[in-house]
Chemist: 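Pasting a structure here, questions to come.
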Amino acid sequence: MNARRLIALVDDNARVRSTYQLLLRTRGFDCVNFASAEGFLQSKRLPKVDCLLLDVWMPGMSGIELQKHLAAAGLRIPIIILTGDPDETIETLALEAGAVRFLAKNAPPEELIAALGEVLAAGAA
């Protein structure tokens with residue numbers, strides 16, 4: 001069911017990218033990683049992404065800035081924010097910028113998988 005669903009992960013932390021990529025692949029998702037928002041924007045795979053997992057704090061363009069850039073360009077990719085520093089103010093900004101979910105990186109893996117399932121099901125409707 002998930003094998004054709006492409007999840008993009010943008011996070012500057014290589015360990016986070018590796019951990020989430022393993023989790024997603026073992027759950028049947030295709031996952032492509034990017035170390036920066038700029039790298040994601042330059043990717044030829046961008047138009048094929050079904051959901052974007054996005055860190056907030058990164059060098060260069062932040063996750064919130066990337067969300068705004070995508071919206072301004074008319075690209076409507078469902079975004080789940082993953083952050084190591086959950087903060088109510090940042091959560092509000094992320095949701096206002098278009099994120100559909102806001103999760104802490106230390107949330108149980110099943111919480112992320114459930115959020116992905118909801119987001120992808122809503123996109124298919």
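Everything numeric in this text was worked out from a predicted model, so none of it was measured.
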Chemist: SG/Cys31 to CG/Leu23 distance, rounded to the nearest 0.5 angstrom?
Modeler: 9.0 Å

Chemist: May I ask you to test the Leu120-Ile7 pair for a side-chain heavy-atom distance under 4.5 Å?
Modeler: yes

Chemist: CD of Glu118 to CD1 of Ile113: how many Å apart, nearest 0.5 Å?
Modeler: 12.0 Å

Chemist: Show, in sequence, the C-alpha distance, side-chain angles and deciding distance for Arg101 and Leu53, and conclude whether the side-chain contact (heavy atoms from CB on, under 4.5 Å) test is met.
Modeler: CA-CA 10 Å; Arg101 294 292 299 270; Leu53 303 179; over 6 Å; no

Chemist: Under a 3.5 Å distance rule, please check whether Gln42 uses its side chain to pair with a backbone N or O of Gly39 as donor and acceptor.
Modeler: no

Chemist: To the nearest 0.5 Å, what is the distance between CG on Leu66 and CG on Leu52?
Modeler: 6.0 Å

Chemist: Go through the steps for Ser43 and Phe34 under the test side-chain contact (heavy atoms from CB on, under 4.5 Å), then give the verdict.
Modeler: CA-CA 9 Å; Ser43 171; Phe34 300 92; 3.5 Å; yes

Chemist: Grab the two heavy atoms, one from Met61 and one from Met58, that are nearest each other, plus how far apart they are.
Modeler: O-CE, 3.8 Å

Chemist: Using every non-hydrogen atom in the two residues, find where Ala107 and Glu111 come nearest and quote the distance to one decimal.
Modeler: CB-OE1, 3.6 Å

Chemist: Do Ile90 and Phe102 come within less than 4.5 Å of each other through their side chains, counting heavy atoms only?
Modeler: yes

Chemist: Just so I know, are the side chains of Val56 and Leu93 near enough to count as touching, which here means a heavy-atom distance under 4.5 Å?
Modeler: no

Chemist: Measuring only between side-chain heavy atoms, which start at C-beta, is Gln21 closer than 4.5 Å to Ser18?
Modeler: no

Chemist: For side-chain contact (heavy atoms from CB on, under 4.5 Å), just list the numbers for Ile79 and Val119, CA-CA rounded to whole Å, side-chain angles, deciding distance to a tenth of an Å, and then say yes or no.
Modeler: CA-CA 9 Å; Ile79 297 170; Val119 167; over 6 Å; no

Chemist: Should the pair Lys68-Glu96 be classified as a salt bridge under the 4.0 Å nitrogen-to-oxygen rule?
Modeler: no

Chemist: Dump the intermediate steps for side-chain contact (heavy atoms from CB on, under 4.5 Å) on Asp30 and Arg5, then the final yes or no.
Modeler: CA-CA 6 Å; Asp30 188 13; Arg5 305 313 292 264; over 6 Å; no

Chemist: CG/Leu22 to CZ/Arg27 distance, rounded to the nearest 0.5 angstrom?
Modeler: 10.0 Å

Chemist: Flag the pair Lys105 and Asp11 as a salt bridge only when some basic side-chain nitrogen lies within less than 4.0 angstrom of an acidic carboxylate oxygen.
Modeler: yes

Chemist: When you measure from the side chain of Gln67 to the backbone N and O of Ala94, does any donor-acceptor pair fall under 3.5 Å?
Modeler: yes

Chemist: Are Val10 and Ser36 side-chain neighbours, meaning at least one heavy-atom pair lies under 4.5 Å?
Modeler: no

Chemist: Is it true that Leu95 and Trp57 fall in one hydrophobic cluster, defined by side-chain heavy atoms closer than 4.5 Å?
Modeler: no

Chemist: To the nearest 0.5 Å, what is the distance between SG (Cys51) and CG (Leu116)?
Modeler: 5.0 Å

Chemist: Quick test of your reading of the model: are Asp55 and Arg17 salt-bridged, counting only N-O distances below 4.0 Å?
Modeler: no

Chemist: Within the 4.5 Å heavy-atom criterion, are Ile81 and Leu103 side-chain neighbours or not?
Modeler: no

Chemist: Could you give the distance from CG (Leu112) to OH (Tyr20), rounded to the nearest 0.5 Å?
Modeler: 6.0 Å

